[in-house]
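The structure appears right after this line, and notes come after that.
All ligand and atom numbering here is 1-based and tracks the order in the structure. Throughout, numbering of the chain's residues begins at 1 and tracks the sequence.
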Amino acid sequence: MPRLLPITLLSLTFAYLLPRHYPALLSPSPAITFLTVFLPLLLTSALYHVLLYPRFLSPLRYLPGPKPSTLLLGEFPLIYRLPTGFPHITWQKLPNDGLIRYLGLWNTERLFPTSIEMLKEILHTQADVFVKPNTLGGLSTILGKRGLFFAEGEEQKHYRRMLLPSFGVTHLRKLVPVFWDKAMEMVDCIIREAQIPTEDETVTDEEREKGRLVDISKWASLATLDIIGTAGFGYDFNALKNGEEANELSNAYAKLLKRDRAAMGWIMLMMLLPWWLAYWLPTESARTIRKSQKTFQRVSTQLIRERREKQLSNPQSKDSDIKDNDILSVMLRSGEFDTPSGEEIARDQIMTFLAAGHETTATALSWALHALTLHPAHQSLLRTELYTLFPRGPPKALTHADLTQLPKLRNFCLEVLRLYPPVPLTLRTAKRETILNGGVRVPKGTMVVVVPWALHRSTGLWGDDAGEFRPGRWEGYGQPGKECTINSWMLQTFISGPRSCIGEKFSLWEFMVLVTGVVGRVEVRERVEGVGRRLEEMGSIVEIQGGITGKPKDGRVWVKEVEWGSSRGEKEE
Ligand code: HEM
């Protein structure tokens with residue numbers, strides 16, 4: 001991309017100086033002088049960066065990759081047309097040594113690591129070189145600019161150390177019953193919506209047998225918002241109770257995640273302009289972002305102040321066992337956020353956890369339902385396993401020890417997270433020039449694209465059945481003394497290395513509990529057919545709603561309540 005800022009500054013300087021020193025040479029109008037200098041400079045710079053450099057000069061031009069399909073836009077049209085991560089599934093099949101190079105918008109170079117060795121180098125050994133790029137800046141409006149997600153270097157390490165008590169196994173074990181309470185509340189809501197009005201004569205027998213169409217994605221989103229509120233900040237947003245419309249947080253997130261034409265157009269603009277310029281545009285999408293950001297900031301600040309007031313009004317009171325080490329307590333206890341500017345950082349941290357910790361797990365649950373509808377035999381297996389452990393009905397409180405007694409559930413959830421990673425792709429940029437793969441010179445500023453969606457479908461990494469849904473592959477995984485061919489670097493759902501997801505265990509257990517609640521009490525069947533363009537040839541039979549997370553566009557599935565203890569079919573596919 002041409003460097004707009006230096007070109008503009010240079011042109012402005014010329015526009016100011018030239019007419020003074022050479023009045024006869026150039027137009028006395030500063031605007032015309034500016035354009036006379038600016039346009040040729042812009043054109044030359046564009047020619048160099050868009051055409052000359054990537055094709056004839058870049059040290060990366062010898063790496064394997066797709067043949068450029070456009071002159072100026074690289075592979076961008078394909079990337080824009082297909083769901084996130086899909087083009088990479090094809091590209092990774094090209095013979096390569098762990099690195100694929102392709103061109104993005106305006107022929108900017110992208111490196112796509114395809115081997116475990118290369119992932120280790122980028123995400124671990126050289127994690128301090130490959131940092132989060134500025135292009136992610138737009139996300140900071142939702143995720144909190146000064147939160148853990150955007151922190152770098154020592155600051156990021158410091159925050160992570162500080163927050164460890166909230167994400168340690170001892171504390172997380174105590175959260176499993178909290179997850180369970182919310183899972184039960186969520187399933188109550190789903191069942192209420194799924195109850196067929198028996199008097200309704202318009203319901204056909206076939207439909208009666210199927211149950212009722214329910215948008216479970218919506219309930220999943222509300223449940224995970226309530227969970228992060230209760231488990232992370234000791235505050236129940238009551239999103240499930242009040243519904244999406246009435247809850248200001250879930251309402252703001254829902255509006256943000258909407259992908260209509262206007263929103264997509266605005267996202268295009270975000271790619272073409274600096275994000276802060278797009279942020280201030282007088283468009284509906286930009287206004288929604290600004291309004292939602294204000295809501296997130298206000299609610300987060302309110303959480304901090306309410307907890308502080310409670311502590312001040314009764315300093316002797318001992319918090320509950322869970323609140324004692326929740327995210328908010330751990331932060332406030334550190335004393336680092338006591339100043340007004342400190343409060344703003346604490347607010348950003350809360351925004352980070354609200355956003356990073358809620359839609360991601362809800363997306364995982366949406367995919368789990370998709371898998372359950374596609375593989376009814378697995379659904380029966382999970383139900384049988386659960387009913388065998390709890391023959392007399394759903395337990396009052398589900399514990400972590402119970403979860404360890406449900407290996408089929410764990411394998412199913414891991415397989416969902418493998419085949420349908422909620423974050424399909426993430427980015428890094430080289431902070432300085434470096435060497436990869438023992439000899440590839442990577443210039444400063446090169447963008448690296450880590451694509452779990454494609455990597456998890458790589459036959460080179462996962463074997464010939466990479467594209468198949470087979471929970472059995474996880475048998476023995478992470479269990480000492482048992483054999484399993486999968487190693488932790490193969491699963492990039494949470495990204496490996498020092499910038500991995502701090503909430504990995506939190507979300508895995510939360511996800512397992514939510515799936516348990518669903519399969520124990522309802523049967524889900526085929527999702528809505530014929531919604532938009534199918535992507536069968538790319539290994540998907542649903543249309544995917546893109547964005548930071550990628551999930552089935554239509555969250556509705558047929559739902560029918562089942563009697564606890566009844567089970568059908570037990571054969572694994
Ligand atoms: C299935 C659910 C989840 C998935 C798939 C997921 C995925 C990810 C991924 C891929 C990253 C790395 C992003 C990058 O480096 O570009 C990440 C980072 C992060 N996640 Fe998650 N996440 C999930 C749930 C959660 C939960 C429940 C929480 C909090 C309670 C959380 C908090 C965070 C934070 C704070 C970071 C930034 C960590 C750092 O940079 O040090 N995530 N997550």
Heavy atoms only, cut-off 4.0 Å: how does [X] contact ligand 1, side chain, backbone, both, or neither?
X: A151; answer: neither
X: W509; answer: neither
X: F353; answer: side chain

Contacting atoms of ligand 1, where contact means under 4.0 angstrom from a heavy atom of [X]:
X: K132; answer: 14 (C), 15 (O), 16 (O), 40 (O)
X: R160; answer: 38 (C), 39 (C), 41 (O)
X: R499; answer: 12 (C), 15 (O), 39 (C), 40 (O), 41 (O)
X: S500; answer: 38 (C)
X: G357; answer: 25 (C), 26 (C), 27 (C), 28 (C), 29 (C)
X: I495; answer: 10 (C), 12 (C)
X: I228; answer: 30 (C)

Per [atom], closest listed option by heavy atom ([options]):
atom: atom 34 (C) of ligand 1; options: I502, L163, T426; value: I502
atom: atom 3 (C) of ligand 1; options: L172, V131, T360; value: T360
atom: atom 4 (C) of ligand 1; options: F511, F494, F506; value: F494
atom: atom 7 (C) of ligand 1; options: T361, T493, L354; value: T493

Begin from the C-alpha positions of L427 and M447 and carry the test side chain to side chain contact (heavy atoms under 4.5 Å, CB included) through to its verdict.
CA-CA 7 Å; L427 299 172; M447 198 74 88; 4.3 Å; yes

Please report whether ligand 1 has a polar contact with Q156, defined as an N or O pair separated by less than 3.5 Å (distance criterion only).
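N/O-N/O distance below 3.5 Å exists for this pair.
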
Would you check the N or O atoms of R428, main chain and side chain alike, for any that come under 3.5 Å of an N or O of ligand 1?
yes

Out of curiosity, [X] [atom1] to [Y] [atom2], how far, rounded to the nearest 0.5 Å?
X: R173; Y: L403; atom1: CZ; atom2: CG; value: 11.0 Å
X: N96; Y: L63; atom1: CG; atom2: CG; value: 9.0 Å
X: M490; Y: L119; atom1: CE; atom2: CG; value: 11.5 Å

F353 and F506: aromatic ring centres closer than 6.0 Å?
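Ring centres of F506 and F353 not closer than 6.0 Å.
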
Is the centre of the W91 ring less than 6.0 Å from the centre of the Y102 ring?
yes

Is there a heavy atom of Y159 sitting under 4.0 angstrom from any atom of ligand 1?
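No, Y159 has no heavy atom closer than 4.0 Å to ligand 1.
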
Salt bridge or not between K431 and E152? Use side-chain N to carboxylate O under 4.0 Å.
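E152 and K431: not salt-bridged.
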
Short side-chain to backbone donor-acceptor contact, Q349 and G147, under 3.5 Å:
no

Option passing side-chain contact (heavy atoms from CB on, under 4.5 Å) with H124 (candidates P498, S496, S500):
P498

Using ring pair (Phe, Tyr, Trp, His ring centres under 6.0 Å) as the criterion, point out the one residue from F469, F511, W453 that pairs with W367.
W453

Not counting sequence neighbours, which residues clear ring-ring contact (aromatic ring centres under 6.0 Å, His included) with F337? List them please.
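ring-ring contact (aromatic ring centres under 6.0 Å, His included) list for F337, sorted by chain: empty.
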
